[in-house]
Amino acid sequence: MRQAGRYMEEYRKLRAQYGFLELCKNSDLAAEITVTPVERLGVDAAILFADILLILEPMGVGLEYTKADGPVIRNEIRSRTHVEQLVEFDPQEALPFVFEAMRKCRAALGGKVPLIGFAGAPFTLASYLIEGGSSRNYLNTKTVMYSNPGAWRPLMERLASLTAQYLNAQIAAGAQAVQLFDSWAGCLSPDDYERYVLPHTRATIAGLTPGIPVIHFSTGTGGFLKLLRAAGGDVIGVDWRVHLDEAWERLGHDVAIQGNLDPGALLASPRDIRRRVEEILRRAGGRPGHIFNLGHGVFPQTPVENVIAMVDAVHELSAR
Ligand code: CP3
């Protein structure tokens with residue numbers, strides 16, 4: 001889950017003083033924001049405070065986070081010429097603040113909990129580049145994907161190799177696990193996922209430094225979990241639109257699973273939250289290889305006490 005964010009008072013205070021990109025580029029503040037939820041919530045892992053879209057900025061597309069619309073890409077990528085105009089760069093040199101924050105977090109955490117690095121998967125990154133921001137139906141993305149292989153293929157290949165390089169640099173800077181976010185893959189049919197996306201996600205994961213666990217996250221993909229597994233990852237993330245035990249059955253019990261509480265459930269009462277946690281743990285059946293998590297990020301409207309109630313319930317009920 002995205003565990004830092006506007007539902008936490010500590011984060012809102014910093015955001016009143018700094019822009020989102022400013023926070024990401026200040027490695028002291030980014031490290032502080034990473035560590036705060038570990039202390040405040042008592043979660044079992046830290047995830048670096050950064051964003052999947054940071055890697056797009058050095059490409060020269062004009063990344064901004066606006067108040068009303070969320071992330072915006074000024075120069076949308078919709079043709080082969082656009083793809084060819086993307087700036088080539090080395091993530092290690094272009095995003096030094098990410099790796100500095102990583103090293104500072106490792107030092108601040110002092111081995112108490114592991115630190116997770118992350119990046120966007122090629123499809124989700126491509127959707128932002130093509131749409132120019134978030135989207136409801138991904139129609140521009142699908143238009144390029146179906147009708148313009150001369151743009152789609154080199155774009156996905158570029159994103160796959162860049163993402164592998166970026167994650168490997170995070171691993172070198174101290175990431176103890178990495179998570180690949182394909183947040184919007186659920187807008188695709190299984191056949192389109194297999195044909196247009198899977199080979200590129202597979203290339204990304206195959207390019208990662210061996211020995212570091214890889215979490216493959218997506219939402220809305222309950223209908224093609226087997227394909228996600230085929231693309232790779234030691235842990236497959238599932239959202240709340242599928243029962244955890246059914247998902248695990250379909251994936252096979254020889255792969256780990258992450259999930260799958262609806263972040264919207266954190267708006268219910270702490271008693272209700274506890275009941276829902278219990279239900280997910282019941283479905284996990286005490287098997288090894290279940291990472292309890294939300295199926296997506298925490299909504300800004302969520303009372304922080306409810307997030308703490310969830311973490312406490314997971315600890316208490318899974319210790320039984
Ligand atoms: O716990 C942590 O510190 C995690 C940090 C984290 C952020 N983004 C910080 C962030 C992580 C893991 C992400 C990943 C991310 N970013 C994803 C994949 C995961 C998912 O939730 O699907 C995606 C799709 C993005 C793109 C993105 N960044 C969007 C759509 C938005 C705007 C919507 C929103 O929730 O505000 C962002 C901004 C963003 N990234 C915020 C944070 C804390 C909020 C920015 C603010 O302070 O206004």
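In each ligand, atom 1 is the first atom listed, and ligand 1 is the first ligand listed. Sequence positions, counted from 1, serve as the residue numbers for this chain.
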With heavy atoms of [X] as the reference, note each atom of ligand 1 found under 4.0 Å away.
X: Tyr128; result: 24 (C), 26 (C), 30 (C)
X: His296; result: 20 (C), 21 (O), 22 (O)
X: Arg15; result: 46 (C), 47 (O), 48 (O)
X: Ile52; result: 14 (C), 15 (C), 16 (N), 17 (C), 23 (C), 24 (C), 25 (C)
X: Phe181; result: 12 (C), 18 (C), 19 (C)
X: Tyr11; result: 43 (C), 45 (C), 46 (C), 47 (O)

Is the number of heavy atoms from other residues, nucleotides or ligands within 6.0 Å of CZ (Arg241) greater than 12? yes
Leu48 near ligand 1, heavy-atom distance under 4.0 Å? yes
Within the structure, is a non-hydrogen atom of Thr34 found at a distance of less than 4.0 Å from ligand 1? no
Please classify the [X] to ligand 1 contact at 4.0 Å (heavy-atom distances, strictly less than): side chain, backbone, both or neither.
X: Phe49; value: both
X: Ala50; value: backbone
X: Gln3; value: both
X: Gln179; value: neither

Please indicate whether any nitrogen or oxygen in [X] is less than 3.5 Å from any nitrogen or oxygen in ligand 1.
X: Ala4; result: yes
X: Trp184; result: no
X: Tyr65; result: no
X: Asp51; result: yes
X: Ser183; result: yes

Taking the six-membered ring for Trp, are the ring centroids of [X] and [Y] within less than 6.0 Å of each other?
X: Phe123; Y: Tyr196; answer: no
X: Phe20; Y: Phe49; answer: yes
X: Tyr7; Y: Phe299; answer: no
X: Phe217; Y: His296; answer: yes
X: His82; Y: Trp152; answer: no

Would you say Met59 and Leu159 make side-chain contact, with heavy atoms under 4.5 Å? yes
Are any side-chain N or O atoms of Thr209 and backbone N or O atoms of Asn168, one a donor and one an acceptor, separated by less than 3.5 Å? no
Under 3.5 Å side-chain donor-acceptor pair for Gln165 and Gln92: no
Given Gly295, Pro71, Gly70, Gly237, which one has a non-hydrogen atom that is nearest to atom 31 (C) of ligand 1? Pro71
May I ask you to say whether Glu246 pairs ionically with Arg250, meaning some side-chain N is under 4.0 Å from a carboxylate O? yes
Are Asp245 and Arg287 within salt-bridge range, i.e. N to O under 4.0 Å? no
